[in-house]
2 protein chains.
Amino acid sequence: MSGFQRYKKILDLFSEERSSWTVLEISKSLKTPSSTIYRIIREMVTAEFLESASGSYFRLGPAFIKFNRIINFSDPLVRAGQPFLKKLANENPITSVNVLARLYGNNVMCVADYKSPYFKKNTSYQRGKLMPLIYGATSRAIIMQITGKRLEKLINLENFKSDKDKNNFIKDLKSDRKKGYCFTEGQVDKGLIGFAVSISNKKLGIEASLSSIFNLDDFLLEHEPVIYANLSTYGLLVEKYINEIFEDIQKYHHETNSTR
Amino acid sequence: MSGFQRYKKILDLFSEERSSWTVLEISKSLKTPSSTIYRIIREMVTAEFLESASGSYFRLGPAFIKFNRIINFSDPLVRAGQPFLKKLANENPITSVNVLARLYGNNVMCVADYKSPYFKKNTSYQRGKLMPLIYGATSRAIIMQITGKRLEKLINLENFKSDKDKNNFIKDLKSDRKKGYCFTEGQVDKGLIGFAVSISNKKLGIEASLSSIFNLDDFLLEHEPVIYANLSTYGLLVEKYINEIFEDIQKYHHETNSTR
DNA sequence: TTATAATTATCATTATTTAATAATTTTGTT
DNA sequence: AACAAAATTATTAAATAATGATAATTATAA
């Protein structure tokens, strides 16, 4: 264990299910002497990446809230897309969960979400949550814009039930890419269906998607054209705004670099 | 520069105003050779604390969104208080911003906020934002629960205009502590007034506050009793829930420690 | 294609981390 | 308040890792 990994391994212990740890528990879990853990933890507490709670437990520190906020206010995808999620929800014919998601390592991560006030069920799509790469329209609209060797690598990391399943997935991906949108049913949450379009910006390295998730019970065939129209309209709008933000950033950097 | 500081110093460069940096810019800013910065950045990109953007710029990575989410779902204060902010807003006689805040180093940080739909002005109270320790009801309801040497230390870190100001602040703090609530006018944002009560839990080391912020123009004297009644009701409720969460956590840790 | 910028690799030197143990502080309990 | 137990910090020599100058490679843009 060296470098940043030393710290990362400790942080990675903290989860929704288990959000506080003692030094002794960490020490056991990482098979590292407690004197070492004490020293490392002290550093991280000073930096506010951890904080001490009661009963000699430690938990994640406020630094994460602070940096998360900075991302929220500066990430081009969030900045451009967040304001449209509510509008999209309001214009959809039935109650929906609307999601912006992006590629995150070998997974897809939801970076912004808006649920209509009376949407009944809980969904897996909540900001910050990691989603499977190959299930659900949200993810598919992201992976369908990736090609060549990179796609191959990503797909090979996934566990398909059979080679047939894998080939079908690749085939579906191609046809979705042609159509320009995705639809899936119950792949992530039972009783829910998802529609999605791709969002991308090469210059900013953004590979993302905009999606609307509905209760299967609410859905009628006549809703479909409206849903697709909304998604494609707002998808283009988000891309346009991302581009504007990109130009703003460039301008800003040009200014700050020339004045110094 | 050593240990975690090495990484923290780089992260601290990223702000809402300046959210992307090149290696060369970082290198100059920290007066450290670029070969060193390249190596450190690579580690942090691997750990997803940074990510590369376009034009050889780097920005904060998705790890912050992930850990922020874990805090959101597990921090006792957020878990206990978040659901009540909307209710509090709905029961207030005029539109309001409602805030949960806690001590964060030498500052106060907002950890959850809910703004009524038609609240007009922008406020400084947004989740993740650092607030001054000595201005505003939100902060005062936190610092008024701190006593003795710790209070002395915190106050001595602040810049008061004069010794008289400092003494007045301490005097006001004492009287607020007796009353059990705080009121301030325009100390943080002009045209806004704030009311706040303390939230604390010794066992969990929580020193926090619940506050409602209003437009001065909307406010009538007859609103005051309702506002205080709401704050104190919900304040106690939040403390009760924090305590329940504490007991849940203890139970959980007891179980996991005994089964292993 | 070529020139330029960005990034990675190399490596001797220097500095830091490790972990066993001892010392100290804090906490909870009579 | 005094005690015992637990938690945390300090101290070390030995082991390991970080640094930064430079060279080599790779990406990018004209």
Side-chain angles (χ1 to χ4, degrees), chain A residues 1-11 13 20-47 49-59 61 147-150 201-206 246-247 249-250 253-254 257-258, chain B residues 1-11 20-47 49-59 61 147-150 153 201-206 246-247 249-250 253-254 257-258:
Chain A
M1 237 202 311
S2 77
F4 196 69
Q5 271 309 103
R6 184 171 44 223
Y7 306 100
K8 181 82 187 326
K9 274 207 174 172
I10 290 177
L11 291 174
L13 292 174
S20 44
W21 290 74
T22 65
V23 169
L24 246 56
E25 288 168 351
I26 296 172
S27 161
K28 265 187 196 172
S29 181
L30 300 183
K31 296 186 178 69
T32 306
S34 59
S35 63
T36 301
I37 300 296
Y38 269 114
R39 187 173 30 75
I40 296 177
I41 294 265
R42 206 177 338 159
E43 285 186 78
M44 294 174 86
V45 170
T46 305
F49 277 65
L50 288 178
E51 66 175 17
S52 66
S54 66
S56 69
Y57 278 92
F58 290 86
R59 62 183 172 220
T147 52
K149 274 188 189 169
R150 224 171 121 232
N201 186 303
K202 273 213 168 176
K203 289 172 282 181
L204 281 168
I206 289 173
F246 172 71
E247 278 161 15
I249 293 173
Q250 278 213 318
H253 281 298
H254 188 72
N257 283 336
S258 55
Chain B
M1 239 202 311
S2 77
F4 196 69
Q5 270 309 102
R6 186 167 44 226
Y7 306 99
K8 180 81 186 328
K9 274 207 174 174
I10 291 177
L11 291 174
S20 45
W21 290 74
T22 66
V23 168
L24 246 55
E25 288 168 352
I26 295 171
S27 161
K28 265 187 196 172
S29 181
L30 300 183
K31 296 186 178 70
T32 305
S34 59
S35 62
T36 301
I37 300 295
Y38 269 114
R39 186 170 29 75
I40 296 177
I41 294 266
R42 205 178 334 156
E43 285 186 77
M44 295 174 85
V45 169
T46 305
F49 277 65
L50 289 178
E51 64 175 18
S52 66
S54 67
S56 71
Y57 279 92
F58 291 86
R59 62 182 171 220
T147 53
K149 275 188 186 168
R150 225 170 121 232
K153 259 190 199 167
N201 185 302
K202 274 213 166 176
K203 289 172 282 182
L204 281 167
I206 289 173
F246 171 72
E247 278 160 15
I249 293 173
Q250 278 214 318
H253 281 296
H254 188 72
N257 283 337
S258 55

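Per chain, numbering begins at 1; letters A, B, ... match sequence-line order.
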Separation of I37(B) CD1 from L24(B) CG (nearest 0.5 Å): 10.0 Å
Is S34(A) touching bases, backbone alone, or none of the nucleic acid, heavy atoms closer than 4.0 Å? nothing
Once you round it to whole Å, what is the distance between C1' of dA17(D) and CD of Q5(A)? 15 Å
Return the value, rounded to whole Å, for the distance between atom CD of E43(A) and atom P of dA10(D). 13 Å
Heavy-atom count around K9(B) NZ within 6.0 Å, excluding the residue itself: above 12? no
Could you pick out which residue, G3(A) or T22(A), lies toward the 5' side of DNA chain D when each is mapped onto its nearest nucleotide? T22(A)
Can you check the M44(A) CE to dT8(D) P distance for me, whole Å? 16 Å
Base, sugar-phosphate alone, or nothing: which one does S56(B) contact when heavy atoms must sit under 4.0 Å apart? sugar-phosphate
Rounded to the nearest 0.5 Å, what's the gap from CH2 on W21(B) to CG on L11(B)? Could you check? 12.5 Å
Side-chain N or O of T36(B) closer than 4.0 Å to phosphate OP1/OP2 of dT19(D): no
Taking only side-chain N and O atoms of R42(B), does any of them lie within less than 4.0 angstrom of OP1 or OP2 on dA18(D)? no
Output yes when a side-chain donor or acceptor of S27(B) lies under 3.5 Å from a complementary backbone atom of T32(B), and no otherwise. yes
Do the side chain of S52(A) and the main chain of F58(A) share a donor and acceptor less than 3.5 angstrom apart? no
Atom OH of Y7(B) and atom C1' of dT19(D) are separated, to the nearest Å, by 12 Å
Just to confirm, is there a sub-4.0 Å distance from OP1 or OP2 of dA18(D) to any side-chain nitrogen or oxygen of R39(B)? no
Nucleotides bounding contact with chain B, strand DNA chain C, heavy-atom threshold 4.0 Å: dA6(C) to dT17(C)
Under 30°, 30 to 60°, or over 60°: which ring-plane class applies to F4(B) and F4(A), parallel, tilted or perpendicular? parallel
Figure out the OH/C1' separation between Y38(B) and dT26(D), and round it to whole Å. 11 Å
For L24(A) and for S35(B), find the nucleotide of DNA chain D with the closest heavy atom, then tell me which residue's nucleotide is more 5'. L24(A)
Hits for salt bridge (Lys or Arg N to Asp or Glu O under 4.0 Å) against R59(B), two or more places apart or cross-chain, chain-then-number order -> E51(B)
If I take atom CD1 in residue I40(B) and atom C1' in nucleotide dA17(D), what distance separates them, rounded to the nearest angstrom? 12 Å
